[in-house]
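Below: one structure, written as structure tokens.
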2 protein chains.
Amino acid sequence: MPDLSIDVVAKAAGVHRSTVSRAFSRPEAVKSETREHILRVAEGLGYTMSPLAQALRRKTSTFIPLIVPDITNPFFAELAKTMTQAADERGYQLLLCVTNGDPAKTDGYFTAMQAMYAPFGIVAPSTKVDTEALKRFDFGHKVVVIDRVEGDDAVPTVTVDSRRGIMLALDHLHSLGHTSIGYVSGIAGTHTAQDRMDAYLELSAESGSAPVVLDSGSDLDAGTRGAEHYLAMDNPPTAIIAANDMVAFAVISALGQSGVRVPEDVSVIGFDGLALGARFNPALTTIRQPIADMGHIAIELAEKQNADGSVDHIVLEPELLVRASTSGPRA
Amino acid sequence: MPDLSIDVVAKAAGVHRSTVSRAFSRPEAVKSETREHILRVAEGLGYTMSPLAQALRRKTSTFIPLIVPDITNPFFAELAKTMTQAADERGYQLLLCVTNGDPAKTDGYFTAMQAMYAPFGIVAPSTKVDTEALKRFDFGHKVVVIDRVEGDDAVPTVTVDSRRGIMLALDHLHSLGHTSIGYVSGIAGTHTAQDRMDAYLELSAESGSAPVVLDSGSDLDAGTRGAEHYLAMDNPPTAIIAANDMVAFAVISALGQSGVRVPEDVSVIGFDGLALGARFNPALTTIRQPIADMGHIAIELAEKQNADGSVDHIVLEPELLVRASTSGPRA
DNA sequence: CTGAAAGCGCTTACAG
DNA sequence: CTGAAAGCGCTTACAG
């Protein structure tokens with residue numbers, strides 16, 4: 001494909017460069033015969049417009065960054081997958097940016113994306129979002145966050161109702177006959193993680209049962225430590241709520257290593273609804289987040305903000321997904 | 001950040017635009033005092049060069065596409081993670097492109113990346129690589145493939161020695177005392193998957209034991225079907241090799257659902273060495289692929305090809321990772 | 001409805 | 001070692 005520029009198409013079609021541009025970008029502004037002729041010629045040549053040149057001239061592009069802490073975490077992978085689709089449908093290209101939890105990288109991505117004239121960005125945080133960092137960029141006001149944000153109503157957000165999710169989990173476990181229910185926290189940096197934990201603490205208190213926090217750590221080893229703590233107890237709970245599915249996997253794995261069986265010996269329920277959960281051993285009961293919806297909504301919110309400046313905060317409903325990892329307590 | 005271009009830096013530093021350009025891009029071509037002054041001024045202004053404008057002018061960028069079929073598959077997620085790092089270290093930005101198995105999308109990504117002046121691309125295939133498609137693009141000769149490629153030695157490749165991996169698995173199982181070893185195939189479209197299966201068939205024959213292919217499907221349900229097949233057998237094998245870790249998970253999960261325990265009732269070994277395997281229940285014995293090395297090498301091969309036109313085919317050694325899912329056969 | 005011109009933010013021969 | 005000029009591939013007022 002040698003040097004196929006707008007000018008060679010123009011020459012081939014016998015029109016001016018600007019007419020070719022219009023034929024592609026503002027079709028209604030050019031006589032339909034002219035347009036069709038141009039398009040045909042372009043097609044024949046195999047010509048497509050350079051997104052680079054377009055972005056440079058227009059000062060806006062269709063690149064939209066999705067900033068995630070760790071693509072290896074299936075929650076973010078699933079989010080990335082659905083968002084790729086959502087973006088495609090709307091003519092954007094999603095640029096996956098992985099921070100590995102390094103805030104400096106987030107900053108780097110922001111400036112890079114500003115330089116790429118990204119119309120907006122999506123951030124799925126691993127730590128509480130630094131609203132100051134957001135403000136340091138023009139870009140900061142064109143970001144939507146997949147988490148709750150504190151102290152800055154200017155940024156649109158999508159989340160799932162954490163309290164409601166924990167309530168669903170607790171109700172499910174109660175209805176099975178459990179009265180002593182432990183909790184292992186998840187990646188604890190986010191508001192979401194904190195909300196889940198707070199909900200557990202409050203709702204336990206309300207139901208009159210003492211909360212048993214098996215681990216409140218913020219890393220992926222929380223599950224392993226939670227299991228150790230469980231194993232060391234004289235009177236362990238008969239069920240465990242894990243703050244997210246990955247933690248639930250780790251809990252079950254560590255428990256299994258010590259011969260504790262799920263759900264026979266202890267019930268475990270996760271939070272996320274990862275596809276992987278269906279293929280875990282045992283298949284994981286969990287609180288499902290509508291990940292696909294979150295992805296679509298995030299993009300809609302960004303477009304809406306771009307269009308009319310409105311800032312929405314959407315809270316989605318979670319859903320109980322009963323599989324094999326929960327059952328009644330041992331007699 | 002209002003309109004921070006090379007010209008405003010030039011003005012502020014009292015030099016010509018071209019000198020600023022050199023200060024950044026060919027530092028040795030400008031007097032060190034001048035350079036330092038310019039850099040200081042730029043820094044003060046918070047200026048960085050526009051990658052868009054650079055790419056447009058230079059006709060080469062630092063965007064490098066990584067084309068994967070499904071980011072939700074942890075193998076590709078782990079690959080993406082290590083490649084993001086490898087790319088960063090060398091000053092590239094990785095652009096994650098997800099095809100969802102749609103070859104049309106691959107084509108689309110190729111043309112997009114050509115338009116972005118990507119210096120090269122990496123493709124991690126889900127199906128046998130279409131060498132014709134590669135040739136349709138200039139770009140096709142600047143691609144490195146993470147799989148074996150047939151009938152086109154012109155494209156650099158990195159793979160792991162499939163036969164050696166299967167041999168490792170078989171030896172491990174034999175040494176544990178297993179003589180009847182089944183096989184469940186993986187995502188069967190790739191050469192890699194086919195090589196693993198072929199190796200199993202051949203090596204089984206060589207060792208004098210009849211191969212037992214529990215499923216040869218090409219989708220994620222192969223594991224589930226393999227388990228069903230196992231359950232229906234009068235004389236099932238005492239160990240199962242799964243073509244990849246995800247399939248192994250599914251096998252174990254489905255088996256568990258029917259009360260068959262791993263490794264007590266049957267041993268299961270995977271292939272990939274996913275981080276997730278360590279947290280499965282039970283922790284998965286597997287053949288580890290050096291995923292991080294594959295990522296780094298892929299980029300090196302691409303750079304090498306760009307530099308001197310050389311085309312290498314690297315084959316890496318897999319490694320046995322013994323965890324909890326294998327043990328001696330039931331007495 | 002179409003053309004001619006200026007310019008987005010850079011780089012790179014070419015002079016000096 | 002530095003500057004002036006041309007140009008990468010587009011878009012967008014401005015005329016006509």
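Note on naming: letters A, B, ... go to the chains in the order of the sequence lines (proteins, then strands), and numbering restarts at 1 for each one.
- Both B:A53 and B:T34 sit near DNA chain D, but only B:T34 has its closest nucleotide nearer the 5' end.
- Within the nucleic acid shown, A:T48 comes within 4.0 Å of sugar-phosphate atoms alone, with no base atom in reach, counting heavy atoms only.
- At a cut-off of 3.5 Å, with distance as the only test, no side-chain donor of A:D147 or A:T190 sits close to an acceptor on the other residue.
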key: Pairing string, 5' to 3', for DNA chain D - Watson-Crick or wobble contacts under 3.5 Å, brackets [ ] where pairs cross, | to another strand   = |||.||||||||.|||
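- Put simply, B:K59 has no side-chain N or O that comes within less than 4.0 Å of OP1 or OP2 on C:dT11.
- Look at A:Q54 and you'll find a side-chain N or O under 4.0 angstrom from OP1 or OP2 of D:dT11.
- A salt bridge is absent between B:R22 and B:E28; no separation between the charged side-chain nitrogens and carboxylate oxygens falls under 4.0 Å.
- Rounded to whole Å, the distance from CG on A:L52 to P on C:dC10 is 13 Å.
- Aromatic rings from A:F120 and A:F63 are positioned such that their centres are separated by 6.0 Å or more.
- Computed from coordinates, the A:I6 CD1 to D:dG7 C1' distance equals 15 Å when rounded to whole Å.
- D:dC10 atom P lies 13 Å from atom NZ of A:K11, rounded to whole Å.
- Between B:H37 atom NE2 and D:dC1 atom C1' there is a gap of 16 Å when expressed in whole angstrom units.
- Contact check of residues 17-30 of chain A against DNA chain C (heavy atom, cut-off under 4.0 Å) returns A:R17, A:S18, A:T19, A:R22, A:A29, A:V30.
- Using a distance-only test at 3.5 Å, with no hydrogens or angles considered, a donor-acceptor pair links the side chain of B:S61 to the main chain of B:Y117.
- Remark: side-chain polar atoms of B:D70 are paired, donor with acceptor, to backbone N or O of B:T72 under 3.5 angstrom.
- If you take OH of A:Y117 and C1' of D:dT11, they are 13 Å apart, rounded to a whole angstrom.
- In the set D:dC8, D:dC10, C:dC1, D:dC8 carries the atom at the smallest distance from any side-chain atom of B:R57.
- Atoms CG (B:D7) and P (D:dA5) sit 13 Å apart, rounded to a whole Å.
- Between the CD atom of A:E33 and the P atom of C:dT2 there is a distance of 9 Å, rounded to whole Å.
- Note: CG (A:L56) to P (D:dC8) measures 14 Å, nearest angstrom.
- Using a 4.0 Å cut-off between a side-chain N of Lys or Arg and a carboxylate O of Asp or Glu, B:K142 and B:E303 do not qualify as a salt bridge.
- Proximity of a side-chain donor or acceptor of B:T157 to a complementary backbone N or O of B:V145 within less than 3.5 Å is not detected.
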Atom pairs and distances, donor-acceptor, side-chain atoms in residues 33-53 of chain B, under 3.5 Å, two or more places apart:
unit_1 : atom_1 : unit_2 : atom_2 : d
B:R35  : NE     : B:P27  : O      : 3.2
B:S50  : OG     : B:L52  : N      : 3.3
B:S50  : OG     : B:A53  : N      : 3.1

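- Closest heavy-atom contact between B:A80 and B:L96: CB-CD2, 4.3 Å.
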